[in-house]
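The next block holds one structure in the form of structure tokens; read it before the comments.
None of the values given here were measured: they were computed from a predicted structure.
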Amino acid sequence: MSDSISLSVIVPSLNEERNLRRTIDNLVPVLEEKVGDWEIILVNDGSIDHTGSLSDELSRKEPRIKVIHHRQRQGLGSCWKDGVRTATKDAVVWFPGDGENDPHELVKYLFLLKYVDMVVPYITNRDVRPWYRRFLSRAYLWVINLSFGTMLSYITGNVLYRRYIFDVVKPEADGFFTLTECPIKALCAGFTYAQVPEQLGRRQYGRSTILTPRSIMTIIWEYLRLFIAIHFRRKTRHLAETAKAHGEGASIYNIRATDLSRGLK
């Protein structure tokens with residue numbers, strides 16, 4: 001049990017009434033067993049089904065579950081920002097309301113936050129996704145690494161952050177791009193990180209909204225905004241100086257935890 005590191009799990013949900021109860025029922029026992037001090041922050045992102053009322057019901061049954069309601073859909077980034085502002089624990093991570101990910105994978109590497117500022121997972125079973133999703137994911141990662149000088153193996157997973165990172169890093173993206181923006185800004189600020197292997201599950205009900213035309217256009221716009229901020233507005237220097245003022249690490253190193261993971265239970 002990671003008694004020394006408390007954890008806030010932010011769960012964005014959009015029309016997930018068929019998945020959300022199962023997601024929480026799977027998540028809570030793992031947190032109870034593996035994490036000494038935890039909370040779940042459910043963010044109902046303007047759902048038009050019963051996701052909102054179900055979230056309230058789950059919160060009434062478990063006092064460590066908090067609920068945030070958006071009247072209208074605002075996007076994954078807005079859910080993340082509201083969740084981070086609400087979080088009270090040492091570390092923060094997001095977990096999808098559709099339950100696609102394994103909760104055990106979420107907390108397996110929490111102990112690494114004793115040594116680094118964030119833990120970045122990479123997927124080892126990409127075949128659970130269709131070929132076009134795998135192709136787009138690889139192409140997207142190639143563009144991001146080339147654009148920002150990073151060497152990440154995956155960028156859109158359930159990254160574990162020390163919450164103090166967000167005293168320095170201020171998320172701006174409202175959509176899916178927040179999953180890229182936050183680690184890139186954290187790396188530019190000099191926060192340390194580890195890359196670790198993770199298994200991805202399968203979504204049981206509904207479809208992902210990531211590849212809708214609206215989402216794709218939003219990702220392109222927010223990518224361009226971040227690119228300009230980092231390369232033309234000297235955002236990197238500002239972030240690094242701010243991190244240094246906060247007393248955080250000013251160098252980046254990468255721990256490949258593949259071998260280490262074999263010894264974890």
Side-chain angles (χ1 to χ4, degrees), residues 2 4-12 31 34-35 37-39 41 76-77 79-81 83-96 101 103-124 141 144-145 148-173 176-198 200 226 230 235-236 238-258 260-261 264:
S2 301
S4 60
I5 303 176
S6 58
L7 180 64
S8 298
V9 183
I10 300 166
V11 182
L31 294 175
K34 301 294 185 180
V35 184
D37 183 14
W38 58 270
E39 66 183 359
I41 302 171
L76 179 61
C79 294
W80 173 249
K81 286 182 284 188
V84 168
R85 282 192 290 264
T86 304
T88 62
K89 307 305 180 183
D90 299 328
V92 292
V93 66
W94 81 283
F95 191 77
N101 298 49
H104 291 89
E105 297 288 321
L106 189 73
V107 301
K108 185 193 299 185
Y109 301 105
L110 183 61
F111 76 96
L112 284 175
L113 290 181
K114 297 178 182 178
Y115 312 103
V116 295
D117 300 311
M118 64 179 181
V119 178
V120 184
Y122 61 91
I123 304 304
T124 58
L141 180 64
I144 294 301
N145 280 332
F148 301 106
T150 51
M151 298 180 64
L152 296 169
S153 300
Y154 195 70
I155 190 67
T156 57
N158 304 103
V159 178
L160 284 162
Y161 299 91
R162 279 287 190 170
R163 189 162 56 89
Y164 56 62
I165 285 179
F166 296 100
D167 293 336
V168 176
V169 172
K170 304 301 181 184
E172 298 178 74
F176 178 78
F177 193 73
T178 193
L179 302 183
T180 300
E181 174 197 25
C182 290
I184 292 299
K185 284 185 174 180
L187 294 182
C188 288
F191 288 106
T192 55
Y193 73 104
Q195 288 195 96
V196 298
E198 182 176 278
L200 187 67
L226 181 62
I230 295 295
K235 192 79 171 183
T236 302
H238 169 72
L239 288 169
E241 290 174 351
T242 307
K244 186 176 181 180
H246 279 69
E248 309 305 338
S251 62
I252 303 170
Y253 64 91
N254 179 18
I255 299 174
R256 297 291 295 189
T258 308
L260 177 63
S261 69
L264 300 178

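- Glu181 contributes a side-chain N or O that, together with a main-chain N or O of Ala173, makes up a donor-acceptor pair within less than 3.5 Å.
- Exactly one of Val35, Val93, Leu160 qualifies for a side chain to side chain contact (heavy atoms under 4.5 Å, CB included) with Val107. That residue is Val35.
- Taking 4.5 Å as the limit, every side-chain heavy atom of Pro121 sits out of range of all side-chain heavy atoms of Tyr109.
- The minimum heavy-atom distance linking Ala91 with Leu113 is given by the pair CB-CD1, 3.6 Å.
- Considering every non-hydrogen atom in both Thr88 and Glu39, the closest pair reads N-OE2, 2.8 Å.
- With contacts defined as side-chain heavy-atom distances shorter than 4.5 Å, the pair Leu152/Leu187 qualifies.
- If you take OH on Tyr193 and CG on Leu112, they are separated by 13.5 Å, rounding to the nearest 0.5 Å.
- Shown here for Asp167 and Lys170, the closest heavy-atom pair between the two residues is O-NZ, 3.5 Å.
- Rounding to the nearest 0.5 Å places OG1 of Thr180 at 5.0 Å from CD1 of Ile144.
- Inter-residue side-chain proximity for Leu106 and Asn101 is flagged as unmet; no heavy-atom pair is nearer than 4.5 Å.
- Rounding to the nearest 0.5 Å gives a distance of 10.0 Å between CD1 of Ile10 and CG of Leu76.
- Nearest approach of Arg163 to Val92, heavy atoms of both residues: CD-CG1, 3.9 Å.
- Counting all heavy atoms, side chain and backbone alike, Asn158 lies closest to Glu198 at OD1-OE2, 3.7 Å.
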Does the side chain to side chain contact (heavy atoms under 4.5 Å, CB included) test come out yes or no for Phe166 and Cys182, once each step is laid out?
-> CA-CA 9 Å; Phe166 296 100; Cys182 290; 4.0 Å; yes
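- In terms of heavy-atom proximity, Thr178 sits nearest to Pro183 at O-CD, 4.2 Å.
- Val84 places none of its side-chain heavy atoms less than 4.5 Å from the side chain of Pro171.
- Exactly one residue among Phe176, Tyr161, Phe95 makes a ring-ring contact (aromatic ring centres under 6.0 Å, His included) with Trp80. That residue is Tyr161.
- Within the model, atoms CG of Asp117 and CZ of Arg162 stand 8.0 Å from one another, a figure rounded to the nearest 0.5 Å.
- Within the model, atoms NZ of Lys81 and CD of Glu172 stand 7.5 Å from one another, a figure rounded to the nearest 0.5 Å.
- Residues Ser8 and Trp38 are not in side-chain contact: their nearest non-hydrogen atoms beyond the backbone lie 4.5 Å or more apart.
- Proximity of a side-chain donor or acceptor of Tyr154 to a complementary backbone N or O of Pro197 within less than 3.5 Å is not detected.
- Taken to the nearest 0.5 Å, the NZ atom of Lys185 stands 10.0 Å off from the CZ atom of Phe148.
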